[in-house]
J.: 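Starting off with a structure, shown below.
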Amino acid sequence: MLNLLENLNPEQLAAVTLPDQSALILAGAGSGKTRVLTTRIAWLIQTGNVSPNGVLAVTFTNKAAKEMLTRISAMLPISTRGMWVGTFHGLCNRLLRAHYRDAGLPQLFQILDSQDQHAAVKRVLKALSVDEDRFPAREAQYFISAAKEEGKRARDVEIGDEITRRFAEIYAAYDEQCQREGAVDFAELLLRTFELLSRNEILREHYRGRFRHILVDEFQDTNRLQYRWLKLLAGPKNIMFAVGDDDQSIYRFRGAHVGNMAEFERDFRVENVIRLEQNYRSHGHILSAANALISHNRKRLGKNLWTSAGHGEPLRVYEAQSDGYEASWLTEEVQALKRAGLRLADIGVLYRSNAQSRVIEHSLFSAGMPYRVYGGLRFFERMEIKHALAYLRLVANPEDDGAFLRVANFPARGIGARSLEALQDAAKAGDASLYKAASGLSGKSGAAVAAFVRLVDALKAETQGLPLPETVEVMLEKSGLVAHYKAERDGADRVENLNELVNAAAAFMNEEEEHDLSAFLAHASLESGENQAAEGVDALQLMTVHSAKGLEFHAVFITGLEEGLFPHEQSVLEDDGLEEERRLMYVAITRARTRLYLSFAQTRMLHGQTRYNVASRFLDELPEEVVKRLTPRPGHARFDGVAWGPEPAKGHKAKTPSHGFRIGQSVLHPKFGQGVIVNSEGSGTDARLQINFGKQGMKWLALEYAKLTAA
DNA sequence: AATCCGTCTATTTTT
DNA sequence: TAGACGGATT
């Protein structure tokens with residue numbers, strides 16, 4: 001037992017061995033949070049405090065859940081089988097499968113991912129003849145999810161105005177449709193479980209009796225419903241162990257409610273707030289920068305990271321003429337790091353928004369530098385995979401209307417929009433599923449529909465009793481999907497993905513206990529398949545700051561540090577938006593172990609227009625003594641690096657000068673400080689310049705009177 | 001049924 | 001700039 005606790009620092013040890021009462025662990029970046037969480041579980045079990053059956057551990061991502069299980073298994077000699085470790089959604093799925101009847105669901109309810117939900121909402125809008133210009137599916141979808149995440153059903157929505165009333169109607173109709181089709185969206189998994197447990201005392205008491213210890217990871221990311229869910233499950237007696245970092249709360253836009261941390265302290269009478277502040281990841285200067293930056297935020301629980309490692313290198317700040325120059329500087333720097341022996345996979349290139357990756361990719365590509373961009377479509381979200389899954393859904397349940405509509409005419413088999421509309425009308429009139437309605441259809445368009453019904457029946461019959469991977473194979477052939485993509489010009493990748501689906505099914509059988517088709521379909525909805533086919537090549541890692549959370553790199557580039565981009569201009573309008581941007585910057589900085597580059601560009605192409613930006617205020621918030629400028633700065637003659645980097649890969653050039661000053665140039669104004677010339681008008685003594693002073697705003701100044709100096 | 005073309009829009013994202 | 005989407009065209 002002792003060796004479990006070996007090498008823990010005093011705070012970690014205190015957290016791991018806390019007595020039986022609820023606790024909040026404020027775990028700073030790189031402070032060994034996952035280690036504390038997993039060791040705590042192992043310790044609880046090893047000391048006989050609780051059996052594996054009595055442990056429930058909740059995470060946000062499948063990756064984190066998997067990681068946790070692996071680490072616990074490594075620490076304990078016994079099986080972790082009885083333990084429930086999973087995402088909120090995964091655990092809800094498990095509960096609802098076990099108690100589908102009590103939850104009012106069919107046994108084979110299916111899970112809608114965001115795409116499926118979008119399609120389902122569109123069908124509702126059509127059925128209600130809603131004007132989709134006034135009530136776009138996207139907004140309706142957002143409205144529904146937001147309401148559910150507040151724990152509200154359609155009837156609970158407060159009707160403020162006509163628009164809300166309409167959205168509430170759409171919400172009600174959507175829920176009805178889902179219920180009819182046995183479909184459950186992500187938020188519904190949570191809400192349905194919450195309602196199940198609040199109504200059903202026997203079940204509630206059963207699970208409260210079972211899960212003596214409930215542990216939650218990334219607690220700062222919980223939304224209101226998730227918190228109420230936890231509170232309901234924990235009851236008054238169980239012991240909650242919540243781990244989180246308010247400074248890393250960056251998901252407010254999708255409902256995360258940091259206030260849950262303070263509420264948790266009150267609701268669970270937390271006597272022990274333990275702060276993990278010793279950082280095992282980054283060198284001193286990097287942490288100083290992070291601490292200094294985040295201290296500008298007012299709403300904090302308070303925390304200061306420290307390390308026993310040395311100061312390390314200063315942060316390197318690079319100012320580029322344009323986004324193109326920034327990218328080529330970055331490329332050269334990466335080449336140098338690689339020559340110095342660093343693995344590319346240990347270098348992270350971060351940016352605020354996805355659009356920024358393009359220029360960087362272009363430069364890396366020209367240099368033949370391997371890179372991997374995170375984000376974008378994941379395996380189970382690809383169109384061809386969605387089609388294949390729709391066929392599988394029909395095999396599992398032919399009355400799945402969403403799946404029916406998706407593939408009835410894909411590959412094309414002569415069922416046009418007219419036939420489908422007629423079919424939908426017939427289904428509506430008979431209060432039946434499309435499949436049922438199709439079985440009773442006649443006429444010439446009925447022939448094609450009947451053929452499709454026969455195909456579904458045949459698939460079902462032929463795959464009966466087959467193992468999962470074979471079922472997938474048969475479906476791929478019989479449905480005509482593979483043949484269709486083989487015939488397509490650029491279909492090779494898609495065919496490959498379809499074949500990969502067979503592997504995914506085989507892998508699923510190896511990893512999971514349940515092997516039936518509907519379990520696989522649930523898996524496909526809940527696990528987007530990010531880790532599917534991760535290539536073995538050593539490649540530079542490109543991603544948004546958001547997706548970098550939880551990761552670490554030897555060297556990190558934070559690019560595009562410009563006012564308007566990072567902090568993003570939209571965020572300044574939201575209340576608390578700037579603080580969230582700062583937390584985002586804090587997350588970015590704390591990803592770096594030993595080397596951190598910060599870069600910005602005077603000129604950037606955005607939405608097809610050239611923008612002239614001022615350096616991000618976040619750069620000003622870093623202590624000067626930990627920063628080294630790679631480019632000259634006003635008032636500093638000396639500089640310790642290359643002034644202007646290599647030419648960009650393609651002709652990205654700043655505009656030519658008009659008079660003494662050129663557009664894109666940095667200038668200094670006695671009152672407004674530093675700014676960037678954005679536009680000019682007139683000439684000679686009449687000339688006026690438009691200058692972006694960042695925080696001071698945008699100004700038009702007459703060249704004759706304004707005392708401008710080149711910066 | 002597939003393709004073309006104009007229009008629109010443009011943080012951040014896991015489940 | 002570039003992608004997504006809807007409507008019209010072939």
Side-chain angles (χ1 to χ4, degrees), chain A residues 58-65 86-93 111-118 122 132-133 136-138 142 145 148-149 184-191 217-218 221-223 225-226 249-256 323-324 350-359 361-362 374-378 380-381 383 409-418 484 487-489 522-530 543-550 560 564-574 577 580-581 583-585 587-588 604-611 650 652:
Chain A
V58 196
T59 63
F60 274 87
T61 64
N62 292 300
K63 198 174 149 203
T87 62
F88 277 102
H89 297 86
L91 296 167
C92 286
N93 177 43
I111 299 170
L112 306 180
D113 68 12
S114 320
Q115 274 184 49
D116 302 331
Q117 188 189 24
H118 185 81
K122 280 199 106 154
E132 288 198 46
D133 286 332
R138 266 205 56 72
Y142 176 81
S145 296
K148 287 188 179 182
E149 280 165 12
V184 171
D185 62 47
F186 286 141
E188 183 73 25
L189 283 169
L190 262 300
L191 183 53
D217 191 16
E218 305 277 18
D221 286 340
T222 50
N223 64 33
L225 179 58
Q226 284 161 337
S249 161
I250 54 174
Y251 284 114
R252 205 182 45 145
F253 70 92
R254 68 175 197 216
D323 47 355
L350 312 186
Y351 34 80
R352 173 69 240 264
S353 57
N354 287 304
Q356 287 167 251
S357 79
R358 238 195 70 251
V359 187
E361 285 185 68
H362 179 70
Y374 284 75
L377 269 197
R378 266 140 346 173
F380 287 115
E381 293 167 357
M383 183 178 59
N409 198 35
F410 194 95
R413 46 176 73 89
I415 305 175
R418 296 174 310 284
H484 175 264
E488 214 172 49
R489 274 196 305 278
H523 167 84
S525 299
L526 290 175
E527 158 106 64
S528 43
E530 176 72 89
M543 66 192 82
T544 63
V545 180
H546 281 92
S547 16
K549 193 173 126 194
L565 243 196
F566 198 2
H568 197 279
E569 55 198 351
Q570 300 280 297
S571 73
V572 185
L573 308 173
E574 304 160 14
E580 177 129 328
E581 293 288 305
R583 290 192 289 270
L584 201 48
M585 181 66 183
V587 167
R604 182 176 298 273
M605 197 61 135
L606 199 66
H607 308 331
Q609 278 184 326
T610 309
R611 309 198 353 165
K650 211 170 64 187
H652 285 277

J.: Under 4.0 Å between any heavy atoms, over every strand shown, what does A:Asn93 touch: base, sugar-phosphate, or nothing? Just pick one.
T.: nothing
J.: Just how far, in rounded Å, is P of B:dT13 from CE of A:Met543?
T.: 11 Å
J.: Atom CD of A:Glu361 to atom C1' of C:dT1: distance rounded to whole Å?
T.: 14 Å
J.: Which part of the nucleic acid, if any, lies within reach of A:Glu218 when heavy atoms closer than 4.0 Å are counted: base, sugar-phosphate only, or nothing?
T.: nothing
J.: In whole Å, what separates the C1' atom of B:dT11 from that of C:dG6?
T.: 25 Å
J.: The side chain of A:Arg358 is closest to which nucleotide in this list: B:dT14, B:dT12, C:dA2?
T.: C:dA2
J.: Is the shortest side-chain N to carboxylate O distance from A:Arg352 to A:Glu581 below 4.0 Å?
T.: yes
J.: Give one of base, sugar-phosphate or nothing for A:Asn62, where a contact means two heavy atoms less than 4.0 Å apart.
T.: sugar-phosphate
J.: Measure from CD on A:Glu527 to C1' on B:dT13 and round the result to the nearest Å.
T.: 16 Å
J.: Please state whether the phosphate of C:dC5, meaning OP1 or OP2, lies under 4.0 angstrom from any side-chain nitrogen or oxygen of A:Lys122.
T.: no
J.: Choosing from B:dT13, B:dT11, B:dA1, which nucleotide comes nearest the side chain of A:Thr544?
T.: B:dT13
J.: Atom OH of A:Tyr351 and atom C1' of B:dT13: how far apart are they, to the nearest Å?
T.: 14 Å
J.: For B:dT12 and C:dC5, measure between their P atoms and round to the nearest Å.
T.: 16 Å
J.: Check every atom of B:dT13, B:dT15, B:dA2 against the side chain of A:Glu381 and return the nucleotide holding the closest atom.
T.: B:dT15
J.: Measuring from the side chain of A:Arg352 (C-beta onward, heavy atoms only), which nucleotide among B:dT14, B:dT11, C:dG6 has the closest atom?
T.: B:dT11
J.: To check you understand the geometry: which heavy-atom pair defines the closest contact between A:Leu225 and A:Lys148, and what is its length?
T.: CD2-O, 3.2 Å
J.: Under 4.0 Å between a Lys/Arg side-chain N and an Asp/Glu carboxylate O for A:Lys549 and A:Asp221?
T.: yes
J.: Has A:His568 got its ring stacked on B:dT11, by the test of a centre gap below 5.5 Å and a plane angle below 30°?
T.: yes
J.: With nearest nucleotide decided by heavy atoms, which residue, A:Glu580 or A:Gly416, maps closer to the 5′ end of DNA chain B?
T.: A:Gly416
J.: Roughly, in whole Å, what's the span from NE2 in A:His607 to C1' in C:dG3?
T.: 13 Å
J.: Start at the 5' end of DNA chain B and walk down; is the nucleotide closest to A:Phe253 or to A:Ala412 reached first?
T.: A:Ala412
J.: Return no unless some side-chain N or O of A:Asn409 is found under 4.0 Å from OP1 or OP2 of B:dA1.
T.: yes
J.: Is A:Tyr251 stacked on the base of B:dT12, meaning ring centres closer than 5.5 Å and planes within 30 degrees of each other?
T.: no
J.: Tell me what A:Lys148 touches on the nucleic acid: a base, only sugar-phosphate, or nothing, going by heavy atoms under 4.0 Å.
T.: nothing
J.: Check every strand shown and say whether A:Glu581 touches a base, only sugar-phosphate, or nothing at a heavy-atom separation below 4.0 Å.
T.: base
J.: How close do A:Leu584 and A:Phe566 get, heavy atom to heavy atom, and via which atoms?
T.: C-CZ, 4.0 Å
J.: For B:dT14 and A:Arg378 - does any side-chain N or O of the residue sit under 4.0 Å from the phosphate oxygens OP1/OP2?
T.: yes
J.: Could you please name the option among B:dT13, B:dT15, B:dA10 that lies closest to any side-chain atom of A:His546?
T.: B:dT13
J.: May I have the distance from A:Met383 (atom CE) to C:dA4 (atom C1'), rounded to whole angstrom?
T.: 13 Å
J.: In whole angstrom, what separates A:Ile111's CD1 from B:dT15's P?
T.: 13 Å
J.: State which of B:dT13, B:dT11, B:dA2 makes the closest approach to the side chain of A:Ser571.
T.: B:dT11
J.: Looking at B:dT15, B:dT13, C:dT1, which one has an atom nearest to any side-chain atom of A:Ser547?
T.: B:dT13
J.: Sequence neighbours excluded, which residues qualify as ring pair (Phe, Tyr, Trp, His ring centres under 6.0 Å) partners of A:Phe186?
T.: A:His89
J.: Can you tell me which nucleotide in B:dT12, B:dT14, C:dG6 comes closest to the side chain of A:Thr61?
T.: B:dT14
J.: If you look at every strand shown and take non-hydrogen atoms under 4.0 Å, does A:Asn354 touch a base, only sugar-phosphate, or nothing?
T.: sugar-phosphate
J.: Look at A:Glu381 together with A:Arg378 and state whether they make a salt bridge at an N to O cut-off of under 4.0 Å.
T.: yes
J.: Starting from P on B:dT12, measure out to CG on A:Leu565 and report it in whole angstrom.
T.: 11 Å
J.: Please enumerate all residues that pass ring pair (Phe, Tyr, Trp, His ring centres under 6.0 Å) together with A:Phe253, with sequence neighbours excluded.
T.: A:Tyr251, A:His546
